Each structure stands twice: as structure tokens, then as C-alpha cells.
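In what follows, every chain begins at residue 1, and chains take the letters A, B, ... in the order their sequences are listed. Note that this is a predicted model, so its numbers are computed, not measured.
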Protein chains: 2
Amino acid sequence: MPVTAAAAEPPVEPAWRQRAVERSTRAAKLRAEQRVQRFLESAQELIAEKGTTDFTVQEIVDRSKQSLRSFYQHFDGKHELLLALFEDALATSAAEIREASAAESDPVEALRVAVELLFRQSHPDPGVQRPLFSDFALQLLVKHPAQVATAHLPILMIFSDLIEQATEAGAVVPGKPRRQANLVMQTIMFAAQANGVPADSHASPVTAEEVWQFCLNGISTASTAAPAKASASKKR
Amino acid sequence: MPVTAAAAEPPVEPAWRQRAVERSTRAAKLRAEQRVQRFLESAQELIAEKGTTDFTVQEIVDRSKQSLRSFYQHFDGKHELLLALFEDALATSAAEIREASAAESDPVEALRVAVELLFRQSHPDPGVQRPLFSDFALQLLVKHPAQVATAHLPILMIFSDLIEQATEAGAVVPGKPRRQANLVMQTIMFAAQANGVPADSHASPVTAEEVWQFCLNGISTASTAAPAKASASKKR
DNA sequence: CCTGCGATGAGAATAGCCTTCTCTTCAGAT
DNA sequence: ATCTGAAGAGAAGGCTATTCTCATCGCAGG
């Protein structure tokens with residue numbers, strides 16, 4: 001078994017060689033990225049058109065005028081492609097939320113704006129489907145929770161920040177912003193998702209306003225430290 | 001085209017014939033139910049063993065010592081079977097919750113018990129997997145929300161009742177119990193589900209206690225009617 | 001110009017599933 | 001005893017993702 005040559009040996013590796021290789025490589029990398037981009041765009045078109053992530057790999061390939069061979073050269077599989085789109089969508093979403101909430105001076109208002117915007121974004125709107133937020137996100141939640149957590153991170157951070165600011169402003173009692181943000185985020189996203197469709201007639205969908213009130217109250221006194229030996233009811 | 005004979009004609013339909021047919025039928029129905037039962041039990045065993053709903057129909061068939069032919073005679077497909085198990089599981093869950101909470105005299109305590117029990121039940125425990133609550137439930141949520149709503153109904157009722165009682169006891173301010181119950185239920189179930197696995201190391205799972213506090217506060221002042229022109233922050 | 005190599009295209013082949021179909025067999029009702 | 005409908009056995013169909021084969025193509029180095 002020979003010693004690993006290309007692992008970590010800058011001293012014996014002539015710099016010119018590296019540069020040469022790098023130059024050779026750059027062009028190829030660019031082409032590859034363009035191909036990847038075409039796959040991604042085709043996939044997004046299909047999602048927009050079919051309102052589902054149930055298209056076939058073949059469809060992506062056909063639409064992007066490329067080949068299966070190439071697809072699997074660039075992606076580990078359909079799953080990886082969807083994951084890429086998913087993270088992208090959430091990052092975009094996060095950016096929008098951050099921007100919208102930054103426009104508010106009052107911390108509580110900022111939080112409210114963020115909550116309502118996220119609610120709308122997560123809502124299965126008739127007209128503009130967002131299968132990446134429903135379809136795929138839930139699948140992912142079961143099979144690869146860690147990836148979901150990663151993808152949620154940007155949004156989580158925003159809410160964490162907003163809650164912290166609201167706390168500092170004295171609008172809500174101190175708690176653990178990160179954990180509170182977690183609960184708030186999940187409540188919003190799932191409530192929007194689960195109540196998006198009429199389902200049974202006797203249950204009208206939950207509104208953004210309701211979710212907002214629920215969450216605001218929810219974090220207003222979230223005591224987490226107390227061991228609470230079932231004596232929670234008589235605290236204070 | 002002959003007139004429909006067996007549709008709805010009690011007057012011309014001799015009673016003895018009905019009884020005769022009924023008698024003929026009963027035995028067959030029993031046998032059918034036994035077969036269905038065997039399928040269901042085999043499926044549950046598989047779920048318990050594999051911790052997933054990803055078993056094949058063939059496996060169910062083999063284990064139950066029956067045939068594919070028979071399986072599709074009794075179920076519309078794998079989906080229907082899972083749905084049956086799902087509803088059953090939730091109904092059982094509901095019964096447990098109702099029983100546990102009924103043991104508490106204080107309405108708030110009763111609600112707390114219910115929340116924590118549902119949380120535990122929805123939690124992907126290492127050891128006792130409950131794929132019906134995660135795996136399948138989420139799939140269903142995307143494709144057949146109405147069926148999920150139906151299956152959730154029993155549990156929803158319980159929480160609705162509990163909240164109402166707590167309200168009457170003056171423990172929480174009046175709101176819309178049904179809608180509040182909806183939010184509470186979803187928050188609990190999804191929080192348990194999403195935070196069951198470690199995911200990323202920097203985020204320790206949410207605890208039952210946290211969820212309880214969050215929900216209790218959440219419904220403690222859920223004003224839904226007021227247009228709330230951002231004046232919410234200065235309540236009381 | 002030529003040559004070799006890695007990336008592509010085109011599409012066949014593989015594999016895993018659910019679901020349906022055909023052909024028998026069998027149990028129970030009349 | 002016969003007839004009918006349910007059930008067993010297993011092949012066949014259909015749909016996908018994924019892999020494999022072979023022919024091309026673009027391009028950097030000789």
C-alpha cells in the first residue's frame with residue numbers, strides 16, 4: 001500500500017503543476033456548473049407546472065436536453081436534486097422574511113410580520129403550489145431529519161434573533177430564544193401546511209392571525225428551567 | 001335496459017328472501033373479516049419489526065399465509081390497509097389520553113396530562129417505533145389531508161373538550177376551543193415528530209415541558225375576533 | 001494533424017414495487 | 001351432487017429510479 005500522495009503534501013508538490021491543473025480544471029468546472037444549472041431550472045419548471053415533485057428523472061432529462069448519464073454524473077440521485085432546490089427555496093424564503101421584518105421598528109411588530117409572512121409562504125396556495133414546502137419537506141422530515149434541520153437553519157436564525165430582540169425590548173419575558181424559535185417556526189409551518197386545504201367542511205382553516213396570537217402568547221412566558229415536579233400548576 | 005331490481009324496492013321484495021340472503025351472507029362476512037384481521041395483524045408485526053411502513057405487500061401476504069389475490073380482494077391497496085391501521089392507532093391513542101386525563105380533577109392538570117401523553121405517543125422513541133405516526137401520517141398529510149383530519153378527529157375532540165372545561169373553570173380566557181385544540185394538537189404532534197431525532201447536535205430536542213408551557217400560554221389569550229391593530233403588545 | 005481521455009448522449013438493461021390477471025382448487029350453500 | 005364464489009399460486013404488466021454499454025465529441029498535449 002503506497003503512501004497517500006495527493007493527500008496533504010504541499011512541500012513536494014510543485015506550484016506550477018497545481019496552477020496548470022487548476023487552469024485545466026476551471027473550464028470543465030464551469031461547464032459542469034452550467035449543466036447542473038440547467039437540470040435545476042428544468043426541475044423547477046416541472047414543479048411549477050405539475051405542482052408536485054412526482055415528475056420522473058426522465059422528464060428532467062428530456063426537458064433540459066441532456067441525458068440520464070449526465071444527470072447521475074452530477075447528482076447522487078433525484079433526492080439530491082430536490083434537496084438542493086429545497087435548501088434554495090428556504091434560503092430565499094429566509095431572505096424575504098428578514099427583509100420584511102427589518103422594515104419594522106417595533107420588535108413585536110417585526111416578529112408579527114415575520115410570522116405572517118412565513119405562514120403565507122408555507123401555505124399551500126391554490127394557484128401557486130409550493131411542493132417543496134409540503135410534498136418534499138415532509139418526506140425529508142421522516143427520512144433525513146438532519147438535512148431538514150440544516151435547511152431550516154436560516155429561518156430559525158431569523159426567528160431566534162427577532163425573539164431575542166423582542167425580549168430585550170421587554171415585550172416578552174426572557175426564555176431560550178433558539179428553542180422558542182424552533183417551536184414557533186414549526187407551529188407556523190405545520191399549521192399552514194395542515195390547514196391549507198379545506199379537508200373536512202366543519203373545520204375552517206386556521207388563520208395567520210390565530211397562529212400569530214398563539215405563538216406570541218406561547219413565548220410570552222415559556223419557563224423551561226423549572227424541574228416542575230408536576231407542581232407546575234401552582235408555580236409562583 | 002331493465003329497471004333496476006335490487007336498488008330500493010322494499011315493497012316488492014319478500015321479507016323471507018332478504019332474511020335468507022342475509023343468513024347466507026353472514027358466514028361469508030365472518031370469514032372475510034377473519035382474513036382481513038390476519039392481514040392487519042401481519043402488517044402490524046412487520047411494522048413493529050422493521051420500524052417502517054416500507055414493507056412490501058408480498059411480505060404481508062407471505063406472513064399471513066394468504067395470497068395476493070386475496071389481499072386485493074379485501075383492500076383497495078396497500079394504502080387502504082395502512083390507513084386502517086392509522087385510524088386504529090389514533091383511536092387507541094385517543095382512548096388512552098381520555099382515560100389518563102379523566103383521572104385528573106383540575107382541568108388544567110387534565111390538559112397538561114393530555115398534552116404530555118400525546119407528546120410521548122407522537123415521539124419517535126428509540127426502541128418502540130411508531131411509523132404510523134410519522135412515516136405514514138406525513139405522507140397522508142400531503143396526499144389525503146381529509147383522511148388525516150378524519151383520523152385526528154377523536155383526539156381533536158378530547159382536546160377540544162379539555163380546553164373548554166379549562167375555560168369554564170376560568171383557567172384560560174375564552175376562545176374557540178375547536179380551533180385552539182387544532183393548533184395545540186398540531187404543535188404537539190409535529191414538535192414531537194420533528195424533534196425526536198437528534199438532528200444537528202447544537203439543537204437538543206424540545207421537551208414535553210416546553211411544549212406544554214408553550215401551548216398553555218398559547219391558548220391563554222387567543223383573541224381571534226379583534227382585528228388587532230398591533231395593539232396586542234399592550235394588553236392588560 | 002493526430003491521439004488519448006474524460007465528459008456526454010442515446011437508450012438498453014436491471015431491479016424493486018404495486019397491482020392485475022389467469023388458471024386451479026376448494027368449501028359451503030342449495 | 002352440483003354449482004358458485006372465494007382463495008391460492010404465480011406469472012405478467014406497468015412505472016420508476018438507477019446503472020451499464022457503446023458510440024461521440026471536445027479539447028489539451030504531442
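- The list of salt bridge (charged side-chain N to carboxylate O under 4.0 Å, His left out) pairs with a residue in residues 87-98 of chain B, not counting sequence neighbours, reads B:Arg98-B:Asp161.
- Salt-bridge formation is detected for the pair B:Glu116/B:Arg112: a Lys NZ or Arg NE/NH1/NH2 atom is positioned less than 4.0 Å from an Asp or Glu carboxylate oxygen.
- Remark: the backbone N or O of A:Leu156 is not paired with any side-chain donor or acceptor of A:Arg178 at under 3.5 angstrom.
- From one end of the helix from C:dC1-D:dG30 to C:dT30-D:dA1 to the other, with five pairs defining each end axis, the axis direction shifts by 10° (rounded to 10°).
- Contacts of A:Phe190 classified as ring pair (Phe, Tyr, Trp, His ring centres under 6.0 Å), with partners at least two apart in sequence or in another chain: B:Phe190.
- Between the side chain of A:Ser64 and the main chain of A:Ile60, a donor-acceptor pair closer than 3.5 Å is present.
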**Q.** Base versus backbone protein contacts along nucleotides 4-19 of chain C [heavy-atom cut-off under 4.0 Å; B, S, -]
**A.** ----BBB------SSB
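- Here salt bridge (charged side-chain N to carboxylate O under 4.0 Å, His left out) pairs that include residues 133-151 of chain B, with residues two or more places apart or in two chains, are A:Asp54-B:Lys143.
- The side-chain heavy atoms of A:Lys65 and A:Arg38, taken from C-beta on, include a pair separated by under 4.5 Å.
- Rounded to whole Å, atom C1' of D:dA7 lies 17 Å from atom CG of B:Leu30.
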Distance-only check: which donor-acceptor pairs under 3.5 Å involve side-chain atoms of residues 71-83 of chain B, not counting sequence neighbours?
unit_1: B:Gln73; atom_1: OE1; unit_2: B:Arg69; atom_2: NH1; d: 2.8
unit_1: B:Lys78; atom_1: NZ; unit_2: B:Thr53; atom_2: O; d: 3.1
unit_1: B:Lys78; atom_1: NZ; unit_2: B:Phe55; atom_2: O; d: 2.7

